[in-house]
S.K.: 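This is the structure I want to talk about, given as C-alpha cells.
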Amino acid sequence: MAQQLEQILASGLPPLYRRAYRILGNAADAEDAVQDALLAAYTHLNQFRGQAQISTWLTTIVLNCARMQLRRRPRHFHGSLDESSGEPLSVPERLADHRPNPEDESIKSELRDRLSHFHRQLSPTLRRTFQLRHIDGLSIRETARVLGIPAGTVKAQSARARQKLEPLMRRALGLRYRRLPNRSLSLVNTAS
C-alpha cells in the first residue's frame, strides 16, 4: 500500500490538485486541500480496506478535504458602505447576493434526481463509465485508468451513455421546462 501511495505521489498530484481546484476555485486553497488529504491518507493508511484502488480512495479524501475548506470559508461579507476597499466595485456589486437562486437550485436538484433515475437504466458498463466520468467528475484518462480500458473506449462509452440519456431527459422534462431543453442536459454534457 505504501508503494502504491508513493507512485501516486510521484505521478498523480496534478489530477488531485485539479479536483480540489474545481471545488475551491483558488490555487492556494487547492494546494492546502491536497496537502491535508495526503497527510490524512498517510495517517490513516492502515484503514484502507482495498475495496477500491488506492487512487480512488485518495481522490475521495482530497474531495472531502476540499469540501471541508469550503465549509470553513466565511459565508457573508461584512463591510462598510462608506469605506473604499481599493476595488472599483459599485455598491450594488458589493451587496449583490452571488449565491445560486432557489429556483435554479430546485431545477438542478430535480434534474439530478431524474438523471440519477435514468442513469440506472443504462447497461452496467455504460452506467459505470457515466458515473465515473460525468457524476464523479473524473477525467477521461482517470476513468480509463479506474476501469482498466483505453481512453478511446471511455470516450465512446460516455458518448453512448449521453446519447441514451438525452431523449429520456428531454421526454421527462416535457412541456414543464420548455425553455430549458438544452440547459437541462448541461448536467450530462458538462464534462464532455
Side-chain angles (χ1 to χ4, degrees), residues 1-73 75 100 105 108-109 111-162 164-165 185-192:
M1 274 190 285
Q3 288 177 334
Q4 290 175 327
L5 189 58
E6 285 178 25
Q7 283 179 326
I8 291 170
L9 293 178
S11 63
L13 287 182
L16 296 174
Y17 170 80
R18 284 193 305 271
R19 298 293 299 272
Y21 186 82
R22 282 184 206 152
I23 291 174
L24 297 166
N26 178 311
D29 289 345
E31 288 174 7
D32 288 345
V34 171
Q35 187 175 16
D36 291 347
L38 293 174
L39 180 61
Y42 183 77
T43 305
H44 300 287
L45 194 57
N46 60 339
Q47 294 177 8
F48 176 66
R49 290 178 276 177
Q51 293 175 333
Q53 292 183 3
I54 197 161
S55 60
T56 306
W57 180 68
L58 188 56
T59 300
T60 303
I61 295 172
V62 168
L63 293 175
N64 288 338
C65 286
R67 289 181 189 121
M68 292 280 285
Q69 279 201 7
L70 201 57
R71 283 187 207 116
R72 282 187 238 133
R73 286 185 181 169
R75 294 178 186 228
E105 286 299 306
K108 283 182 182 179
S109 175
L111 291 174
R112 275 191 298 269
D113 291 346
R114 288 178 185 259
L115 181 61
S116 176
H117 170 74
F118 291 135
H119 137 275
R120 285 186 234 121
Q121 296 177 16
L122 294 171
S123 69
T125 304
L126 295 182
R127 184 181 323 126
R128 180 77 174 134
T129 302
F130 185 83
Q131 174 76 35
L132 291 171
R133 179 77 182 102
H134 299 286
I135 295 176
D136 295 343
L138 293 176
S139 70
I140 291 171
R141 194 170 48 213
E142 291 168 332
T143 304
R145 193 174 339 124
V146 168
L147 296 175
I149 58 177
T153 305
V154 170
K155 290 178 185 179
Q157 288 177 355
S158 182
R160 277 199 302 273
R162 285 193 321 267
K164 289 183 180 201
L165 289 172
L185 296 172
S186 67
L187 287 174
V188 177
N189 293 321
T190 52
S192 37

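The chain is numbered in sequence order, starting from 1.
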S.K.: Could you check if a side-chain atom of Ser158 sits within less than 4.5 angstrom of a side-chain atom of Lys155, using non-hydrogen atoms only?
M.R.: no
S.K.: Applying the side chain to side chain donor-acceptor pair (under 3.5 Å) criterion to Gln157, which one of Thr129, Thr125, Thr143 satisfies it?
M.R.: Thr129
S.K.: Would you say CD of Gln35 has more than 12 non-hydrogen atoms from neighbouring residues, nucleotides or ligands within 6.0 angstrom?
M.R.: no
S.K.: Mind checking the CD-CG spacing from Glu142 to Leu16? Nearest 0.5 Å is all I need.
M.R.: 8.0 Å
S.K.: NZ of Lys164 to OG of Ser123: how many Å apart, nearest 0.5 Å?
M.R.: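 Rounded to the nearest 0.5 Å, the NZ-OG separation comes out at 6.0 Å.
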S.K.: I need the minimum non-hydrogen distance between Gln69 and Asp29, along with the two atoms involved.
M.R.: OE1-O, 3.1 Å
S.K.: Ignoring hydrogens, what is the shortest heavy-atom contact between Ala20 and Ala33? Give both atom names and the distance.
M.R.: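 Shortest heavy-atom separation between Ala20 and Ala33 comes out as CB-CB, 4.1 Å.
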S.K.: Do you know which two heavy atoms are closest between Ala27 and Tyr17, and how far apart they sit?
M.R.: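 Looking at all heavy atoms of both residues, the closest pair is CB-OH, 3.2 Å.
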S.K.: Heavy atoms only: give me the nearest Pro150-Ala144 pair and the separation to one decimal.
M.R.: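 Distance-wise, the nearest heavy atoms are C-CB, 4.0 Å.
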S.K.: Side chain of Arg22, backbone of Gly137: donor and acceptor closer than 3.5 Å?
M.R.: yes
S.K.: Working to the nearest 0.5 angstrom, can you tell me the gap between Arg19 CZ and Leu58 CG?
M.R.: 11.0 Å
S.K.: What is the distance from atom CG of Asp32 to atom CG of Leu24, rounded to the nearest 0.5 Å?
M.R.: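 So the CG of Asp32 and the CG of Leu24 are separated by 9.0 Å.
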S.K.: Is the shortest heavy-atom distance from the side chain of Tyr42 to the side chain of Leu38 under 4.5 Å?
M.R.: no
S.K.: Do the side chains of Tyr21 and Val34 get nearer than 4.5 Å, heavy atoms only?
M.R.: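 A side-chain contact under 4.5 Å is absent here.
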S.K.: Are the side chain of Ser109 and the backbone of Glu105 linked by a donor-acceptor contact shorter than 3.5 Å?
M.R.: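 Absent.
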S.K.: Calculate, to the nearest 0.5 Å, the distance between atoms OG1 and CG belonging to Thr56 and Leu132 respectively.
M.R.: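 One finds 7.5 Å between OG1 of Thr56 and CG of Leu132.
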S.K.: For the residue pair Leu63 and Arg67, establish whether any side-chain heavy-atom pair is separated by less than 4.5 Å.
M.R.: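 A side-chain contact under 4.5 Å exists here.
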S.K.: Tell me, yes or no, whether the heavy-atom count around Arg127 atom CZ, taken from other residues, nucleotides or ligands under 6.0 Å, exceeds 12.
M.R.: yes
S.K.: Measuring from atom CZ of Arg128 to atom NE2 of His119, what distance do you get when rounded to the nearest 0.5 angstrom?
M.R.: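 Answer for the CZ-NE2 pair, Arg128 versus His119, is 9.5 Å.
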